Amino acid sequence: MKTLTIIQPDDWHLHVRNQAVLKTVLPHTARQFGRAIIMPNLKPPVTTVAQALSYREEILQALPPQSDFNPLMTLYLTAATSIDEIKKAAESDYIHAFKLYPAGATTNSDAGVANVKAIYPLLAKLEQHDIPLLIHGEVTDPQCDIFDREREFVESSLTEIIQEFPNLRIVLEHVTTCEAVQFVQEASHKIAATITPQHLLYNRNALLAGGIRPHFYCLPILKRERHQLALIAAATSGQPKFFLGTDSAPHLTHTKENACGCAGCYSAHAAIELYAEAFEQADALDKLEGFASFFGADFYGLPRNTKIITLKRSTWTVPASYGEGDIHITPLRAGEPLNWKLQS
């Protein structure tokens, strides 16, 4: 196959930051995706509808001319979130979900939730208003092995949330384990999951073999090969519970390459090309369109895109970095070849 044409995809989990970094990375997403769920973990976090609308305007102002990319905004759920704010979110055309970060689980999660049960009244309101809850599914107990944090969260907190709120729509974001995949498969149609390109293409050998490679460090962390294989099987299965969410997370290169490197892989520069590579390796290119373009929109109750994009089998080399001046971001696969290229 030399070309692949599909309905324009969406990214259902994206970080674009703000200010100069936003202006650097947003064109990468806008050139390939029609929409994206925008993460709210700025500093300070986006916790109110007013803040989200202001952030949305900043994103729209940073778009390239003539772009019709649509940012889908989310609010950062905290113990201080009010019932009234949830009602405002439900009434807004621009707020599409709330994001639950366990406190301390990942980048800019300090304002997250320390006790999930304490926010059950808020989850009840999300269920009542049919607002999706997006979850970074990891426990933060320091006694828990970092490679087991997702499994422990699924077996404890997530199981209890679903039992308590059976009609709450939940996206378990960036799943990384066979246990999480199985849980989502066996749960009701209210439960879905996103999968990143790095977790489809790599396992923990990429992070640790031959030296620590900080640009492969993300949270949840890359796991064993058996988990990678389970993710590939889920993504290419044609099951509508699994859809595209890059979790592309831009960090300045010097903040990744230091004694305490930030967690996050930057993949927006070549997201759909990376997914195409993963699906081709699995001999499942025919399943990419559903995963990338249909299932996420269906879960969120939004219309599918009508435009198309075309990928061509053409080798190109990923730049060593993106940005200028003080902005330098090292992308996933920097300096390495990719075999698919999005056509203009």
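Quantities reported herein were computed from a predicted structural model and do not represent experimental measurements.
Between Asp148 and Thr177 the shortest side-chain heavy-atom distance does not fall below 4.5 Å. Thr24 is not listed as a side-chain neighbour of Val21, based on a closest heavy-atom distance of 4.5 Å or more. Leu252 has its side chain within reach of Ile327: a pair of non-hydrogen atoms, C-beta onward, lies under 4.5 Å apart. Residues Ile308 and Ile6 form no side-chain contact, since every pair of their non-hydrogen atoms from C-beta on lies 4.5 Å or further apart. Val49 is listed as a side-chain neighbour of Leu75, based on a closest heavy-atom distance under 4.5 Å. Annotation: side chain of Phe299 is not in contact with side chain of Trp12 (no heavy-atom distance under 4.5 Å). A 4.5 Å side-chain heavy-atom check between Thr48 and Gln51 finds at least one atom pair inside the cut-off. By the 4.5 Å heavy-atom criterion applied to side chains, Trp340 and Leu4 are counted as neighbours.
Annotation: cation-pi pair Arg224/Phe147 absent, no NZ/CZ under 6.0 Å from the ring centroid and within 45° of its normal.
No side-chain donor-acceptor contact under 3.5 Å links Gln8 to the backbone of Thr306. In this structure, Ser314 contributes its side chain and Asn339 its backbone to no donor-acceptor pair below 3.5 Å. When atom types are taken as modelled, the side chain of Ser54 and the backbone of Ala50 share no donor-acceptor pair closer than 3.5 angstrom. Remark: the backbone N or O of Asp130 is paired with a side-chain donor or acceptor of Arg169 at under 3.5 angstrom. Between the side chain of Glu138 and the backbone N or O of Phe153, no donor-acceptor pair lies under 3.5 Å. Remark: side-chain polar atoms of Glu58 are not paired, donor with acceptor, to backbone N or O of Asn18 under 3.5 angstrom. In this structure a side-chain-to-backbone donor-acceptor pair under 3.5 Å is missing from Thr29 to Leu26. Between the side chain of Thr253 and the backbone N or O of His328, at least one donor-acceptor pair lies under 3.5 Å.
Only one option out of Leu77, Leu100, Ile37 pairs with Leu134 in a side chain to side chain contact (heavy atoms under 4.5 Å, CB included); it is Ile37. Between His215 and the options Gln198, Lys256, Glu257, His251, a side chain to side chain donor-acceptor pair (under 3.5 Å) holds for only Glu257.
Ring pair Tyr101/His136 is tilted by interplanar angle, where 30° to 60° counts as tilted. Using bins of under 30°, 30° to 60° and over 60° for the plane-to-plane angle, the ring pair Tyr120/Phe165 lands in the perpendicular bin.
Summarising the geometry of His269 relative to Leu332, their closest heavy-atom pair is NE2-O, 3.0 Å, with the distance given to 0.1 Å. Scanning both residues, Arg213 and Ala209, for their nearest heavy atoms gives CD-O, 4.4 Å. When all heavy atoms of Ser293 and Ile7 are compared, the pair lying nearest together is OG-O, 2.5 Å. Here the closest non-hydrogen pair linking Asp10 and Ala297 is OD2-CB, 4.4 Å. Nearest approach of Leu60 to Phe69, heavy atoms of both residues: CD2-O, 4.3 Å. Shown here for Glu273 and Trp316, the closest heavy-atom pair between the two residues is OE2-CZ2, 4.1 Å.
Rounded to the nearest 0.5 angstrom, Ser92 OG and Lys87 NZ are separated by 12.5 Å. Note: Ile135 CD1 to Ile161 CD1 = 4.5 Å, rounded to the nearest 0.5 Å. Atom NZ of residue Lys190 and atom CD1 of residue Ile170 lie 10.5 Å apart, to the nearest 0.5 angstrom. The line from CD1 of Ile83 to CD of Gln128 is 8.5 Å long, rounded to the nearest 0.5 Å. Once rounded to the nearest 0.5 Å, the distance linking NZ of Lys99 with CE of Met73 reads 13.0 Å. To the nearest 0.5 Å, atom NE2 of residue His174 and atom CG of residue Leu172 are 8.0 Å apart.
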Thr330 vs Ser321, side chain to side chain donor-acceptor pair (under 3.5 Å): CA-CA, chis, key distance, verdict = CA-CA 4 Å; Thr330 300; Ser321 69; 6.0 Å; no
inquiry  = I'd like to know whether Arg17 forms a side-chain contact (heavy atoms from CB on, under 4.5 Å) with Lys23, so could you lay out the CA-CA distance, the side-chain angles of the two residues, the decisive distance to 0.1 Å, and finally the verdict.
reply    = CA-CA 9 Å; Arg17 313 305 183 201; Lys23 294 176 181 178; over 6 Å; no
task = Evaluate the salt bridge (charged side-chain N to carboxylate O under 4.0 Å, His left out) criterion for residues Glu160 and Lys117: first the C-alpha distance (whole Å), next the side-chain angles of each, then the deciding distance (0.1 Å), finally the verdict.
result = CA-CA 9 Å; Glu160 293 181 5; Lys117 287 187 177 180; 3.6 Å; yes
request  = Just do the ring-ring contact (aromatic ring centres under 6.0 Å, His included) check on Phe98 and Tyr76 with the steps written out, would you?
outcome  = CA-CA 6 Å; Phe98 276 76; Tyr76 193 122; over 10 Å; no
query = Would Asp286 and Leu288 count as a side-chain contact (heavy atoms from CB on, under 4.5 Å) if you check the C-alpha gap in whole Å, the side-chain angles of each, and the deciding distance to 0.1 Å?
reply = CA-CA 6 Å; Asp286 61 314; Leu288 179 60; over 6 Å; no
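The pair Glu150-Lys223 does not count as a salt bridge, with every side-chain nitrogen at least 4.0 angstrom from each carboxylate oxygen. With salt bridges taken as basic N to acidic carboxylate O contacts below 4.0 Å, one links Glu277 and Arg333. Between Lys88 and Asp84 there is a salt bridge, since at least one side-chain N of the basic residue sits less than 4.0 Å from a carboxylate O of the acidic one.
The environment of CG in Asp326 is sparse: at most 12 heavy-atom neighbours from other residues, nucleotides or ligands sit within 6.0 Å. Around atom CG of Asn258, more than 12 heavy atoms belonging to other residues, nucleotides or ligands sit under 6.0 Å away. Within a 6.0 Å radius of CD in Gln343, more than 12 heavy atoms belonging to other residues, nucleotides or ligands are found.
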Determine all donor-acceptor pairs shorter than 3.5 Å in which one atom belongs to a side chain in residues 227-248; sequence neighbours excluded.
| residue | atom | partner | partner atom | Å |
| --- | --- | --- | --- | --- |
| His227 | ND1 | Cys178 | N | 3.0 |
| Gln228 | OE1 | Asn203 | ND2 | 2.9 |
| Gln228 | NE2 | Leu200 | O | 3.0 |
| Gln228 | NE2 | Leu201 | O | 3.3 |
| Thr236 | OG1 | Ile232 | O | 2.7 |
| Ser237 | OG | Ala234 | O | 2.7 |
| Ser237 | OG | Gln239 | N | 3.1 |
| Ser237 | OG | Gln239 | OE1 | 3.3 |
| Gln239 | OE1 | Gln185 | NE2 | 3.1 |
| Lys241 | NZ | Val184 | O | 3.0 |
| Lys241 | NZ | Ala187 | O | 3.0 |
| Lys241 | NZ | Ser188 | O | 2.5 |
| Lys241 | NZ | Ile191 | O | 3.1 |
| Thr246 | OG1 | Asp11 | OD1 | 3.4 |
| Thr246 | OG1 | Asp11 | OD2 | 2.5 |
| Thr246 | OG1 | His13 | O | 3.3 |
| Thr246 | OG1 | Ser248 | N | 3.0 |
| Asp247 | OD1 | His13 | NE2 | 3.0 |
| Asp247 | OD1 | His15 | NE2 | 2.9 |
| Ser248 | OG | Ser267 | N | 3.1 |
| Ser248 | OG | Ala268 | N | 3.0 |

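Residues His28 and Tyr266 have side chains that bring a donor and an acceptor to within less than 3.5 angstrom of each other.
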